[in-house]
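Remarks on the structure that follows.
As the structure is a prediction and not an experimental result, all values here were calculated from the model.
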Amino acid sequence: MTCGINSYQSLKKWKDEQILNFRSDAYALNEFHDRVMKTVFKIALNRMNNEKLPSWKFTWFATGSGGRKEQGFLSDQDHGLVYEAVDPEAATYFLKLGEEIAEGLEAVGYPCCEGKVMSSNPIWCRPLVEWKEQISDWMDEASWQTMRNLHIFYDSRALAGEKEYIGELKSLIHNRINNNPNLLSRLMETSMHMKNAVGPLGQLLPEEKGTHRGELDLKYTAFIPYVNAVRLLAIKEGIIETSTIARLEKLQDMKDYGGEMNRYKNNFATLLKWRLLTYKQTDTYDDTHFLQLKSLTKTERNELKRILKDRKKLHQFVIRTVEKGVV
């Protein structure tokens, strides 16, 4: 366990003391988040079992920015549980474990997910066979919410337990989409939306009112458009990597994906860097998504404009690519 820490309170103290050491390295920051979250999981297991672990096989996974290894200094919770056993005792145990994990993560400084994508929610805490049924049902229904759930699940990455469960469930998604390309089109329809960020004269469009007046919403103008577009290509090509940059690196090596992918990879790496360097200490998760434009040099402003224009080119490329495969 991290530094002999065995309580949520001592873990939070250690996390808060260490985290700002990673201001210049997004990869190292996310390795740090992994270490903290895995320690929360171990503490939660111990609190549940009094040092005696259950015999049931399971996977605890992170999704969202944690699954993609794209967390900033502040990050909310996105996680779930898959377990092997199908019996009431296992269901009760793992849901209680999920509740303990969610409480532990909150105590350590990860706010609860507003959409309740957490192991404490029965939708995200199920036996493997029911997960397979649920994912199939999501694809059959193909509503906005179930497509959103598929997007969320596809960013899943195992943090503890049987890692193959996540791969098995993602294979189910790949197989269905290979047999029904219209599903990929439906996934695209529910995710390819961009908040306007560049005006007709090429000017950046910051928030016009509220506490973030004069700041640019990096999450919805830049991060989410890149993440969603690249995820669609990853789903189409069966790429199992979860980080946006790793997905782009895989695409670079594939037929029909050229040097443009390298440009998009560099763009996204720049966004991750800016988010760390411009971080202003706050206890509010939403505040971390905004960039103070006045803090940028003229060169950085021009680079940001190019990155935001490129997101539109990326979306247009994804739309053409997906439409080619739809009958």
Side-chain angles (χ1 to χ4, degrees), residues 12 15-33 36 64-66 68-78 108-115 191-230 243-245 248 263-315:
K12 184 180 189 304
K15 169 177 168 282
D16 291 347
E17 290 171 349
Q18 299 293 322
I19 195 166
L20 289 180
N21 293 331
F22 303 98
R23 188 177 284 277
S24 61
D25 191 335
Y27 176 82
L29 172 63
N30 277 272
E31 289 293 300
F32 176 76
H33 278 302
V36 173
S65 61
R68 296 190 307 272
K69 288 195 169 185
E70 293 165 6
Q71 291 168 291
F73 287 112
L74 291 183
S75 179
D76 66 349
Q77 299 184 37
D78 292 286
V108 169
Y110 299 92
C112 289
C113 173
E114 290 184 1
S191 65
M192 299 292 276
H193 306 291
M194 292 185 290
K195 185 175 181 178
N196 200 14
V198 182
L201 301 179
Q203 74 276 28
L204 292 169
L205 300 176
E207 298 295 299
E208 295 182 348
K209 56 186 178 180
T211 57
H212 298 289
R213 186 172 181 271
E215 299 177 356
L216 190 75
D217 183 351
L218 268 188
K219 180 176 181 179
Y220 288 104
T221 63
F223 278 103
I224 294 298
Y226 273 90
V227 166
N228 285 350
V230 174
S243 85
T244 301
I245 287 177
L248 285 165
R263 185 171 83 249
Y264 299 137
K265 181 185 76 172
N266 291 336
N267 288 351
F268 197 76
T270 298
L271 291 172
L272 291 172
K273 178 188 71 176
W274 278 348
R275 185 175 62 181
L276 297 190
L277 292 178
T278 61
Y279 173 71
K280 50 186 185 299
Q281 253 180 305
T282 174
D283 292 325
T284 305
Y285 171 58
D286 288 341
D287 288 347
T288 64
H289 301 144
F290 290 86
L291 179 67
Q292 292 182 332
L293 294 180
K294 64 183 180 182
S295 70
L296 300 181
T297 65
K298 184 178 180 181
T299 300
E300 288 172 334
R301 280 174 174 262
N302 289 334
E303 186 175 21
L304 179 56
K305 289 178 188 178
R306 180 185 57 76
I307 289 171
L308 292 170
K309 290 176 180 177
D310 276 353
R311 71 184 179 152
K312 188 171 183 180
K313 294 177 184 177
L314 174 58
H315 275 224

Okay, side chain of [X], backbone of [Y]: is any donor-acceptor separation there less than 3.5 Å?
X	Y	result
Arg275	Leu272	no
Asn228	Met192	no
His315	Pro225	yes
Arg213	Glu208	yes

Does any part of the side chain of [Y], heavy atoms only, come nearer than 4.5 Å to the side chain of [X], both counted from C-beta?
X	Y	value
Val36	Gln18	no
Ile224	Lys219	yes
Arg263	Asn266	no
Leu291	Leu296	yes
Asp217	His212	no
Leu304	Arg301	no
Glu31	Asp25	no
Tyr220	His193	no

I need the [X] [atom1] to [Y] [atom2] distance, nearest 0.5 Å.
X	Y	atom1	atom2	value
Asp76	Cys113	CG	SG	5.5 Å
Thr270	Lys265	OG1	NZ	11.5 Å
Asn302	Ile307	CG	CD1	11.0 Å
Glu17	Lys12	CD	NZ	10.5 Å

What are the two closest non-hydrogen atoms of [X] and [Y], and how far apart are they?
X	Y	result
Val198	Asn196	O-OD1, 3.5 Å
Ser75	Ser65	OG-OG, 3.6 Å
Glu207	Phe290	CG-CE2, 3.7 Å
Val227	Glu70	CG2-OE1, 3.7 Å
Leu205	Leu216	O-CD1, 3.4 Å
Leu271	Phe223	O-CZ, 3.4 Å

side-chain contact (heavy atoms from CB on, under 4.5 Å), that's the test. Do His289 and Leu218 meet it? Break it down for me.
CA-CA 6 Å; His289 301 144; Leu218 268 188; 5.6 Å; no

Does the side chain of Asn267 pick up a donor-acceptor pair with the side chain of Arg306 at under 3.5 Å?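 Present: a donor and an acceptor within the cut-off.
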
Open item on the list: If we count only N and O atoms by modelled type, under 3.5 Å, do the side chains of His33 and Tyr110 hold a donor and an acceptor together?
Closed with: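 Short answer, yes.
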
| field | side-chain contact (heavy atoms from CB on, under 4.5 Å) evaluation trace for Phe73 with Arg23 | value | CA-CA 8 Å; Phe73 287 112; Arg23 188 177 284 277; 4.0 Å; yes

Discussion item. I'd like to know if Lys294 pairs up with Glu215 as an ion pair, taking the criterion as any Lys NZ or Arg NE/NH1/NH2 lying under 4.0 Å from an Asp or Glu carboxylate oxygen.
Written reply: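 Not counted as a salt bridge, because no side-chain N and carboxylate O are separated by less than 4.0 Å.
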
Parallel under 30°, tilted from 30 to 60°, perpendicular over 60°: which one fits the rings of Phe268 and Tyr226?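 If you compare the ring of Phe268 with that of Tyr226, the planes turn out tilted.
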
Please evaluate residues Met194 and Leu308 with respect to the criterion side-chain contact (heavy atoms from CB on, under 4.5 Å), reporting the C-alpha separation (whole Å), side-chain torsions for both, the decisive distance (0.1 Å), and the verdict.
CA-CA 10 Å; Met194 292 185 290; Leu308 292 170; over 6 Å; no

### Task
State whether the number of non-hydrogen atoms from other residues, nucleotides or ligands found under 6.0 Å of Lys312 atom NZ is greater than 12.
no

